[in-house]
Every structure is written in structure tokens, then in C-alpha cells.
Protein chains: 2
Amino acid sequence: MTGTPPRKRSQGRAAAIGLTKAQVLKAAIDLVDELGAEAFSIRELSRRLDVYPTAIYWHLGGSKADLFSEMTATITSDLMRPGEFCADWRDTLRELFRRYRRAAQRHPHLANLIGAQVSANGPRHAGLAEIVLAALRQAGYDGQPLADAMSALVGGIFGFVTMELAPQAPGARPDWAESFSAALDDLPEAEFPETRRAMPLLRNRAFVLRWSSGAEVPLDSAFEMLVDSLIAGLELRRAGAMAAWEAAGAAPGRRG
Amino acid sequence: MTGTPPRKRSQGRAAAIGLTKAQVLKAAIDLVDELGAEAFSIRELSRRLDVYPTAIYWHLGGSKADLFSEMTATITSDLMRPGEFCADWRDTLRELFRRYRRAAQRHPHLANLIGAQVSANGPRHAGLAEIVLAALRQAGYDGQPLADAMSALVGGIFGFVTMELAPQAPGARPDWAESFSAALDDLPEAEFPETRRAMPLLRNRAFVLRWSSGAEVPLDSAFEMLVDSLIAGLELRRAGAMAAWEAAGAAPGRRG
DNA sequence: ACCTGAACACCGTTCAAGT
DNA sequence: ACCTGAACACCGTTCAAGT
């Protein structure tokens with residue numbers, strides 16, 4: 001069964017189909033959007049493109065992991081042009097992260113990988129880092145506090161989106177959602193008073209207590225609260241963080 | 001080759017090894033710690049336990065995905081006993097999230113799954129949600145803003161840890177780290193002035209600009225800044241958020 | 001250069017059968 | 001109840017060969 005040709009094509013013809021790397025990448029993204037990252041396979045991709053699996057490898061020049069990292073890079077490319085900053089650094093950050101989330105929502109299965117794999121997280125996204133750093137410098141951050149604030153923002157907000165768009169485990173039992181819902185109703189009042197009290201607003205609409213992915217039930221207002229609170233907190237704590245760092249010796253390359 | 005017995009055991013003996021579900025779970029966690037979630041397989045697990053793969057299934061009563069969700073549940077179990085709150089809600093949250101991160105660091109490959117899969121994210125962790133909700137109520141949050149603040153905290157901070165502990169793609173090229181490092185040096189000064197300026201403090205020590213996983217290079221100070229800023233921001237924005245929600249009709253079950 | 005064709009060493013999962 | 005044994009339908013990846 002291994003060598004069965006993808007479909008009937010002009011019988012035993014061979015070569016020169018005219019596949020390009022861009023076509024492979026596009027088809028791969030479509031397939032992940034459709035099946036999810038877990039169910040995606042090179043072999044299924046090759047079937048859709050009507051070629052042998054090895055043809056994919058020729059165009060890719062790498063492994064499946066490399067393909068994933070190229071796919072995720074398309075999400076953050078061109079989020080914001082360099083000149084496109086807002087006058088206020090807070091508005092710049094808010095706009096940037098909102099755009100990121102919207103881009104992620106278009107490819108939920110891919111976006112989830114950005115948080116889940118370091119390689120999907122590299123210097124291809126440097127343009128985004130530059131904007132965050134520029135905004136934070138405008139806010140008065142520098143040195144180690146600048147580096148920390150940058151990672152706090154990217155990690156917190158990209159991490160939120162990663163979790164929000166986490167897929168249901170593809171191999172889970174079909175009755176999983178129902179048993180999840182039932183488990184919420186069975187939480188004992190004595191042990192979980194606050195959870196039960198807020199349940200109408202939390203049920204399937206908050207982390208830990210939801211069974212649907214954010215692709216189906218988006219957590220819009222929680223995202224807004226995260227972005228606003230984090231920016232407000234960073235603004236508030238700037239002076240203290242900078243003072244502590246300068247007092248500790250402030251040399252670049254040294255740890256605060 | 002399919003039916004080759006795991007190892008030589010008392011020849012063709014059969015049955016009554018005395019495997020328990022707890023043993024299977026422990027061995028599975030050890031294996032994920034060693035190989036990572038991607039390389040983990042039921043078959044390899046069965047080899048280590050010196051049984052046929054099907055023996056695993058008998059004890060599990062579910063699929064590989066269900067096994068993963070049971071494994072991740074062990075991370076957040078018993079993070080904080082119910083009575084163990086601090087006097088100040090800010091201290092409660094700080095302590096809770098620090099403990100979570102320390103627990104996650106003990107099983108980096110598993111912790112990463114918590115953010116990456118909804119099923120690893122369910123009512124087994126409800127104890128954690130209860131503590132967060134109680135602390136936020138103490139801070140004066142209620143209704144929809146309470147639900148949003150809870151998801152903002154959990155999503156932001158668990159998301160950060162998920163990203164921090166993201167593994168290097170297991171199938172990536174071996175020269176990947178070097179080419180990553182070189183790519184950072186090649187960022188053009190004109191386009192990336194802020195990134196280049198802060199590079200000594202950012203190189204392999206900040207999201208987007210690192211190639212090592214947080215299991216090897218932890219982002220301690222960035223995590224602290226995230227937690228402190230987010231708590232400070234939630235405190236600051238409480239009054240406004242509550243007022244807006246009450247003005248909008250404040251009925252539970254209705255959206256702000 | 002671009003692709004076929006076959007092969008290797010794996011998977012997860014099911015189902016029947018043994019003790 | 002607890003496990004063996006065999007089988008099914010897949011994978012990713014490599015390597016040689018065709019045109």
C-alpha cells in the first residue's frame with residue numbers, strides 16, 4: 001500500500017507538475033486550518049497536492065517542524081508597519097496586540113503553536129519586538145526593566161491568546177463536553193463557594209471552567225482587561241523598577 | 001516485528017504482572033519529563049513497563065489524549081490548601097502563581113501542555129480558580145469584571161509560563177541555535193534600532209529573541225514584573241470596571 | 001531541477017484470545 | 001480481572017532512480 005500513487009493522474013507520467021514552495025506553504029496552512037495541527041500530516045498534504053510525499057520534502061528542504069515554524073511566521077508578518085506608531089505608547093501597544101489577536105483568530109490552530117514551540121517564536125517576529133521596545137522606551141523604560149517589561153507583555157498577552165485558542169484534544173471522548181459540564185455542577189458548595197456563586201458568568205466563558213476553544217467562544221472582555229491592566233500596571237511600576245535597577249548598578253549586561 | 005514481546009520475560013508466561021493505574025501514570029510522567037511530549041509514545045511507555053501496549057490501554061480506559069490530561073492535572077493538584085490564604089489578596093495571588101510556576105518548572109514538558117490543550121485545563125483545576133476568585137472578590141471585584149479579571153490573570157500568567165517552557169521543536173535542524181544567534185546579529189540597525197540597542201540584555205533572555213527554552217534559561221525577573229504589574233493594574237482599574245458594569249445593567253448572565 | 005517509487009522504522013488503537 | 005498476540009491503518013523520513 002505504501003507506493004499507491006496519490007490519485008489517478010495521466011498514467012505513470014512523471015515529473016514537471018510545477019509545484020512551488022509558496023503553493024506547498026499555502027496548502028499546508030489550509031490543511032492545518034481544517035484539521036488542526038495534531039491531525040496535520042505531510043502525507044495528507046501530499047495527497048491534496050496530488051504528489052508523492054517526497055515531493056514535499058524536496059521543496060521544503062527541511063522537516064515537518066521547520067514547516068510549522070514557517071507557517072506560524074506568516075501570522076505575525078506585517079502586523080504593523082514601522083512608521084505606524086500612535087502618538088501615545090499605550091495606544092501603540094493596545095493596537096499592536098489587538099491586531100495580533102485578530103490575526104491569530106484567523107488561524108487558531110497555528111496561533112496556538114506560537115506559544116507552544118520556541119522555534120515558532122524566533123527572529124522572524126523581530127519587527128514585533130522592535131515596536132514593543134520602542135513603545136516601552138517612550139514610556140520611560142530602559143535597561144533590565146525594559147527587557148523584563150517586554151517579555152512580560154509578549155509572554156502575558158501572546159500566552160493568553162495561545163491558551164484562549166487551545167484546541168480540544170483531538171482524541172478525547174465524544175461525551176467529554178457533557179461530563180465537563182456535569183463536573184461543574186457537582187462542585188461542592190462548601191469547598192467552592194465563589195466558583196458556584198459566579199458560575200452563570202463563568203460557565204464555558206472563563207479559563208479552567210470552559211470546554212470550548214476560544215475559536216468558538218472568544219474571551220473578548222477578558223482580553224481587553226488583560227491588555228488594559230497590564231499596560232496600566234507597567235506605567236504605574238515604571239518609576240520604582242527603574243530606580244531599583246539604577247541603584248543596583250545599572251550596567252548593561254549585568255543582572256538587576 | 002509487530003508482536004515482538006517487550007523484553008525477554010519468563011518465557012510465554014502471561015498475565016498477572018500486577019501493574020496498577022498509578023504506576024502507569026507515574027511511568028508516563030517520567031517518560032514525558034525525559035523525552036518531551038512530542039516524542040512520548042504509548043509503545044515506548046509499554047516497553048519501559050515491560051508489557052504489551054494493549055496492557056496500558058486496559059488500565060487507562062481511554063486514549064493517549066486522556067492520559068495527557070491526567071498527567072497535567074497532577075501539576076496543579078494541591079498547589080494551595082483552601083485555608084491557606086494570605087491576609088492581603090495581592091499576596092495570595094502572588095504566592096499562588098509563584099507556586100504554580102515552581103510546580104511547572106519541575107515538569108516543563110507537561111506544563112507547556114496546560115496552555116496548549118483545553119482538556120488539560122478543566123475542572124480538575126477548579127481549586128485554583130476558587131482561590132483566584134476569592135482573592136479578587138476581596139479586592140472588590142464582582143460580576144462580569146470578576147469573571148474577566150479571573151481569566152485575565154489565569155490566561156496571562158499560565159500563558160506566560162506555557163510560552164516560557166515551550167520546548168525547542170524536537171525535529172529541528174541541529175544548527176538551529178547558531179543560525180538563530182547569527183540572525184540576531186544581522187538585524188539591520190536602521191530597521192531595528194531599539195532591539196539592537198538592548199541586545200546585550202535581550203539575547204537569549206527575552207521572548208522572540210531567545211533560542212533556549214525557559215527550562216534552561218528561566219525568565220525570572222520578567223515573570224515577577226508580569227505578576228506585579230498585572231495585580232497593580234487590576235487594583236487600579238477596579239473602580240472603573242465595576243462602575244461601567246453596574247451602569248450597564250449589572251444583571252448576572254448578561255454581558256457588560 | 002523536479003518528481004516517482006520503494007522501503008525502513010516507527011506510531012495509536014481495536015479485537016480476539018488466553019489464564 | 002488482567003494481560004498476550006496479532007492485526008489494521010496510518011505516520012515521518014531517507015535513498016535511489018527516473019525524466
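Proteins come first, then strands; the chains are lettered A, B, ... in the order of their sequence lines, and each starts at number 1.
The B:Y52 side chain lies nearest to D:dT4 when the options are D:dT4, D:dT13, D:dC3. Ranking D:dC11, C:dC3, D:dG12 by closeness to the A:E44 side chain, first place goes to D:dC11. Out of D:dC11, C:dC11, D:dC3, the shortest distance to the side chain of B:R43 is found at C:dC11. Of all nucleotides listed (D:dC3, C:dC3, D:dG12), D:dG12 comes nearest to the side chain of A:I42. Of all nucleotides listed (C:dT13, C:dG5, D:dC3), C:dG5 comes nearest to the side chain of A:T54. In this structure, the nucleotide among C:dG12, C:dC2, C:dT4 sitting nearest to the side chain of A:V51 is C:dT4. When distances run from any side-chain atom of B:H59 to the nucleotides C:dC11, D:dC2, C:dT14, the shortest one goes to D:dC2.
For DNA chain D, if you chain together Watson-Crick or G-U pairs that step i with j, i+1 with j-1 and so on, the runs of at least three with distances under 3.5 Å are C:4-8 with D:12-16, C:12-16 with D:4-8.
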Enumerate, atom names and distances included, each donor-acceptor pair closer than 3.5 Å involving a side-chain atom of residues 105-115 of chain A, sequence neighbours excluded.
residue: A:H107; atom: ND1; partner: A:D33; partner atom: OD1; Å: 3.1
residue: A:H107; atom: ND1; partner: A:D33; partner atom: OD2; Å: 2.8
residue: A:N112; atom: ND2; partner: A:T162; partner atom: O; Å: 2.8

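The CZ atom of A:R47 sits 12 Å away from the C1' atom of D:dG12 (whole-angstrom rounding). Taking atom CZ of residue A:F40 and atom C1' of nucleotide D:dC10, one finds them 15 Å apart after rounding to whole Å. Taking atom CG of B:L67 as the reference point, atom C1' of C:dC11 lies 15 Å away to the nearest angstrom. Rounded to whole Å, atom C1' of D:dC3 lies 9 Å from atom CH2 of B:W58. Taking atom NZ of residue B:K64 and atom P of nucleotide C:dT13, one finds them 8 Å apart after rounding to whole Å. In this structure, A:L49 places its CG atom 14 Å from C1' of C:dC2, rounding to the nearest Å. Here D:dC15 presents its P atom at 19 Å from CD1 of A:I56, a figure rounded to the nearest Å.
Residues meeting the salt bridge (charged side-chain N to carboxylate O under 4.0 Å, His left out) test with B:D185, sequence neighbours left out: B:R203. A:S77 is linked by a side chain to side chain contact (heavy atoms under 4.5 Å, CB included) to nothing, counting only residues two or more places apart in sequence or in another chain. Residues meeting the side chain to side chain contact (heavy atoms under 4.5 Å, CB included) test with B:A55, sequence neighbours left out: B:V51. Under the rule for a side-chain hydrogen bond (donor to acceptor under 3.5 Å, both in side chains), B:S151 has no partner lying at least two apart in sequence or in another chain.
Taking atom P on both D:dA9 and C:dA9, the two are 22 Å apart, rounded to the nearest angstrom.
Residues B:F68 and B:V32 meet the side-chain proximity criterion, which asks for heavy atoms closer than 4.5 Å. Counting only heavy atoms from C-beta outward, the side chains of B:E44 and B:R47 approach each other to under 4.5 Å.
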